[in-house]
Amino acid sequence: MTGRKVERLERRGKYLLAHLSDGQLLLMHLGMTGCFTVRKSVNGEQESAERALHEHVVFHMRGGPTVSYEDPRRFGFMVLIPPGEEATHPLLRHLGVEPLGEQLDAAYLARRALGKRTDLKAFLSDQRIIAGLGNIYVCEALYRARLSPTRGASTVATAKGKPNARTEALVRAVREVLEDAIGAGGSSMRDYRHADGQLGSFQHRFCVYGREGKPCFHKGCSGTVQRIVQGGRSTFYCPRCQR
DNA sequence: AGTTGCACCTGGCTGC
DNA sequence: TGCAGCCAGGTGCAAC
């Protein structure tokens, strides 16, 4: 990548994309614990040669700044995609719609849910349907929509694949939870930070995630948040008001 | 074709 | 204090 210029940065689902001046595309994923930190070098000052324990990649930018990538668990990855292969690349080809874009609406979701035999939790977590929802936000969205994670995915559509009341509620909930989370700077469980090191604060506003045994927040609901395991991942929900 | 379970890693917390 | 066991923002792939 030496000598190339980053012409454009974008995000698709959970992928970060850096378009390089030679037409290559640097595709990056943070996995669970990946973190980028941007450091402006003070004029003329030598940057420290110290390497953080889990610092795996450092981009030295022209003019001094560095962009370093740390990732304790190393679930994250970077791939250089040759010019023109973006659309057909296996990691990008099947990505679903952006949750905050216009393509996500009740009609789309109902169409994709038609005939699905998986549960709603797995359906929403599937990046081929909606690109960008992780375990936390799926749990939180289902709570807001008052839908059970164990309900069949196909029940958010009519028998003909048209939207019903649940579809509408779900689309609204997905959008709202992401907008609220972004507004709060994201969720910092332990590793997540902004590129300038700042922490997010949405973890303090979880309604169900990590609240096993605690009372449901919904007005008039006397339920207790439960933790179950679906597809090997924790799901938190209120069995009383999420149906 | 669609699902499920496991593999990939390290670190932090809990309970004995 | 030490250590085993469990858990964690995700994805890909092999096996059904």
Side-chain angles (χ1 to χ4, degrees), chain A residues 11-17 27-37 51-57 69-79 81 88-96 99-100 111-143 149-155 157 161 174 177-195 197-213 225-237:
Chain A
R11 178 196 58 73
R12 263 296 273 138
K14 299 177 188 174
Y15 292 105
L16 300 165
L17 310 178
L27 178 132
M28 301 166 278
H29 195 291
L30 301 176
M32 305 251 266
T33 56
C35 183
F36 278 106
T37 307
R51 283 288 144 76
L53 181 57
H54 298 296
E55 187 174 79
H56 305 299
V57 179
Y69 179 70
E70 293 172 45
D71 186 2
R73 282 179 80 178
R74 286 187 272 156
F75 283 167
F77 52 87
M78 299 185 192
V79 184
I81 299 177
T88 56
H89 194 279
L91 291 173
L92 298 172
R93 193 172 33 173
H94 300 297
L95 274 188
L100 296 178
R111 184 157 45 79
R112 296 300 300 268
L114 181 64
K116 282 278 188 294
R117 291 167 188 274
T118 45
D119 53 46
L120 195 48
K121 167 81 185 295
F123 175 71
L124 280 187
S125 304
D126 188 341
Q127 303 300 297
R128 295 169 300 183
I129 310 294
I130 300 176
L133 292 181
N135 200 36
I136 288 178
Y137 298 124
V138 167
C139 291
E140 294 295 315
L142 287 169
Y143 171 79
T150 63
R151 141 191 303 285
S154 61
T155 63
V174 164
V177 76
L178 289 183
E179 281 166 2
D180 288 353
I182 290 167
S187 308
S188 292
M189 305 298 284
R190 65 170 49 100
D191 299 284
Y192 173 73
R193 283 168 182 272
H194 293 221
Q198 289 288 302
L199 298 171
S201 69
F202 193 70
Q203 66 277 14
H204 302 304
R205 297 207 231 151
F206 292 161
C207 293
V208 284
Y209 193 86
R211 293 192 64 249
E212 183 181 17
V225 176
Q226 275 197 13
R227 173 182 176 272
I228 59 172
V229 175
Q230 292 177 293
R233 313 291 306 277
S234 283
T235 300
F236 297 89
Y237 76 116

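Within every chain, numbering begins at 1; the chains are lettered A, B, ... in the order of the sequence lines, protein sequences first and strands thereafter.
Applying the 5.5 angstrom centroid cut-off and the 30 degree plane-angle cut-off, the aromatic ring of A/F75 is not stacked upon the base of C/dT11.
Contact of A/R73 with C/dA8 (side chain to base): a donor-acceptor pair of N or O atoms is detected under 3.5 Å.
As rounded to whole Å, 12 Å separates atom C1' of C/dA8 from atom CZ of A/F206. Distance A/H94 NE2 to B/dA1 P: 11 Å, rounded to the nearest Å. Remark: P of C/dC6 and CD of A/E212 are 16 Å apart, rounded to the nearest angstrom. We find that OH of A/Y137 is positioned 15 Å from C1' of C/dA8, with the value rounded to whole Å. Taking atom CG of A/D191 as the reference point, atom C1' of B/dC9 lies 12 Å away to the nearest angstrom. Distance, A/L124 CG to C/dG10 P: 13 Å, rounded to whole Å. Between the CZ atom of A/F236 and the C1' atom of C/dA8 there is a distance of 10 Å, given to the nearest Å. A/R233 places its CZ atom 18 Å from the P atom of B/dT3, with the value rounded to the nearest Å.
When each of A/Q226, A/K121, A/R227 is paired with A/T235, the side chain to side chain contact (heavy atoms under 4.5 Å, CB included) condition holds for A/K121 and for no other.
Among the heavy atoms of the strands, none lies under 4.0 Å from A/S188. Residue contacts shown for A/R117 are limited to sugar-phosphate atoms, with no base heavy atom under 4.0 Å away. Within the 4.0 angstrom heavy-atom criterion, only backbone atoms of the sugar-phosphate kind lie near A/L53; the bases stay farther away. If you check every strand for non-hydrogen atoms under 4.0 Å, A/L30 touches nothing. Counting non-hydrogen atoms under 4.0 angstrom, A/Y15 reaches the backbone sugars and phosphates but no base. Using a 4.0 Å heavy-atom cutoff across all strands shown, A/G232 reaches no nucleic acid atom at all.
The phosphate of B/dC9 (OP1 or OP2) has no side-chain N or O of A/H54 nearer than 4.0 angstrom. Look at A/K14 and you'll find a side-chain N or O under 4.0 angstrom from OP1 or OP2 of C/dT11. The phosphate of C/dA8 (OP1 or OP2) has a side-chain N or O of A/S234 nearer than 4.0 angstrom.
Although no hydrogens or angles enter the test, the distance criterion places no donor-acceptor pair under 3.5 Å between the side chain of A/Q127 and the main chain of A/G96.
C/dC6 is paired with B/dG12 under the criterion used here, namely a Watson-Crick or G-U wobble arrangement in which both key atom distances are under 3.5 Å.
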Pair A/Y192-A/Q203, side chain to side chain contact (heavy atoms under 4.5 Å, CB included): steps then yes or no: CA-CA 11 Å; A/Y192 173 73; A/Q203 66 277 14; over 6 Å; no
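Distances from the side chain of A/M32 to the nucleotides C/dT11, C/dG10, B/dT4 place C/dG10 closest. Among the nucleotides B/dT4, C/dG12, C/dT11, the one closest to any side-chain atom of A/T118 is B/dT4. Here the nucleotide nearest the side chain of A/H29, chosen from C/dT11, B/dG11, C/dC7, is C/dT11. Across B/dC9, C/dC7, B/dG12, the shortest atom-to-atom separation from the side chain of A/R227 is found for C/dC7.
Note: A/H56 and A/H54 have tilted aromatic rings, judged against thresholds of 30 and 60 degrees for the angle between ring planes. Ring geometry for A/Y15 versus A/H29: interplanar angle over 60°, hence perpendicular rather than tilted (30 to 60°).
Along DNA chain B, the nucleotide closest to A/R190 and the one closest to A/D126 are compared, and the more 5′ of them pairs with A/D126. Both A/M189 and A/L91 lie near DNA chain C, and the one whose nearest nucleotide falls closer to the 5' end is A/M189.
Side-chain atoms of A/T150 and A/Y237 form no donor-acceptor pair, as typed in the model, at a separation below 3.5 Å.
Nucleotides C/dC3 and B/dC9, compared at atom P, are 24 Å apart to the nearest Å.
Of all heavy-atom pairs spanning A/S154 and A/G115, the tightest one is CB-N, 4.0 Å.
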